[in-house]
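This one's a predicted model, so the numbers in the text were calculated from it and none came from an experiment.
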Amino acid sequence: MEQITLSWKNERLKLFALWLFILFNIIFRDIHQMTLKSHLEMLLTGYYNGMEVTEAIMLFGALVVNIPISMLLVSLFTKRRVNRKINMIAGSIMPLILLTSPPTDMDDYLHLTIEILALISIVTTSFKWKEEVKTELS
């Protein structure tokens, strides 16, 4: 098994940290929204931003948040070749998903901007991740 070294030159660690950063941003943005009276009132009516909250919508939300959760494991435990591809795909899909729920206030814009910048970093890191060349001493 490949040994993980704690260095920013280690792409696995960098990808793991970026996905964790995105996940925390999503979680704390949601927690912050739930403290607002207007959002709580919308949830109590069964409608959120004019859309009925259904089981299908809740399932979609669960699937969306499971992308960064799953990517934490993918970043650490898959081989480089698979890891790169999955990170590029997930890092490219997530901004589209995040943009399906447009920001409603200033902190939403901040979180969305930070998340998209982190996703760009994930795709860039994955794309540039070169295969390590192992040299043998004669």
Nearest 0.5 angstrom please: [X] [atom1] to [Y] [atom2], how far?
X: Ser101; Y: Gln33; atom1: OG; atom2: CD; result: 8.5 Å
X: Ile67; Y: Ile86; atom1: CD1; atom2: CD1; result: 12.0 Å
X: Thr35; Y: Leu40; atom1: OG1; atom2: CG; result: 7.5 Å
X: Glu52; Y: Thr45; atom1: CD; atom2: OG1; result: 9.5 Å

(message) What verdict does the side chain to side chain contact (heavy atoms under 4.5 Å, CB included) test give for Thr54 and Ile57, after you've listed the backbone C-alpha separation in whole Å, the side-chain angles of each residue and the deciding distance to 0.1 Å?
(response) CA-CA 5 Å; Thr54 63; Ile57 299 239; 3.2 Å; yes
(message) The test is side chain to side chain contact (heavy atoms under 4.5 Å, CB included); show your working for Val65 and Leu23 and say whether it passes.
(response) CA-CA 8 Å; Val65 82; Leu23 184 59; 4.0 Å; yes
Would you say [Y] ends up clustered with [X] if hydrophobic residues are merged whenever their side chains have heavy atoms under 4.5 Å apart, either directly or through other cluster members?
X: Leu117; Y: Met106; answer: no
X: Leu73; Y: Phe21; answer: no
X: Ile114; Y: Tyr109; answer: no
X: Leu20; Y: Leu98; answer: yes

Donor-acceptor pair, [X] side chain versus [Y] backbone, under 3.5 Å?
X: Arg84; Y: Phe127; value: yes
X: Asn83; Y: Ser75; value: yes
X: Thr125; Y: Ile122; value: no

Which heavy-atom pair separates [X] from [Y] by the least distance, and what is that distance?
X: Lys130; Y: Arg80; value: O-CD, 3.8 Å
X: Pro95; Y: Gly91; value: CD-O, 3.1 Å
X: Arg12; Y: Phe77; value: NH1-N, 4.3 Å

(request) Say whether Ser70 and Asn66, considering side chains only, have a donor N or O and an acceptor N or O under 3.5 Å apart. (result)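 Absent: no donor and acceptor within the cut-off.
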(request) Please check if any side-chain donor atom of Asn87 sits under 3.5 Å from a side-chain acceptor atom of Trp19, or the reverse. (result)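 Yes, because at least one side-chain N or O of Asn87 sits under 3.5 Å from a partner of the opposite role on Trp19.
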Any side-chain heavy-atom pair of [X] and [Y] under 4.5 Å:
X: Trp129; Y: Thr124; value: no
X: Ile22; Y: Met71; value: no
X: Leu119; Y: Leu18; value: no

(message) Using side chain to side chain contact (heavy atoms under 4.5 Å, CB included), reason through His32 and Asp108 one step at a time and then give a plain yes or no.
(response) CA-CA 10 Å; His32 177 263; Asp108 285 353; 5.6 Å; no
(request) Starting from the C-alpha separation in whole Å, work towards a yes-or-no answer on side chain to side chain contact (heavy atoms under 4.5 Å, CB included) for Leu36 and Asp105. (result) CA-CA 11 Å; Leu36 299 174; Asp105 54 21; 4.0 Å; yes
(request) Inspect the surroundings of CE in Met34 and state if more than 12 heavy atoms from other residues, nucleotides or ligands are less than 6.0 Å away. (result) yes
(message) Closer than 4.0 angstrom, basic N to acidic O: yes or no for Asp107 and Arg29?
(response)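 Salt bridge absent between Asp107 and Arg29.
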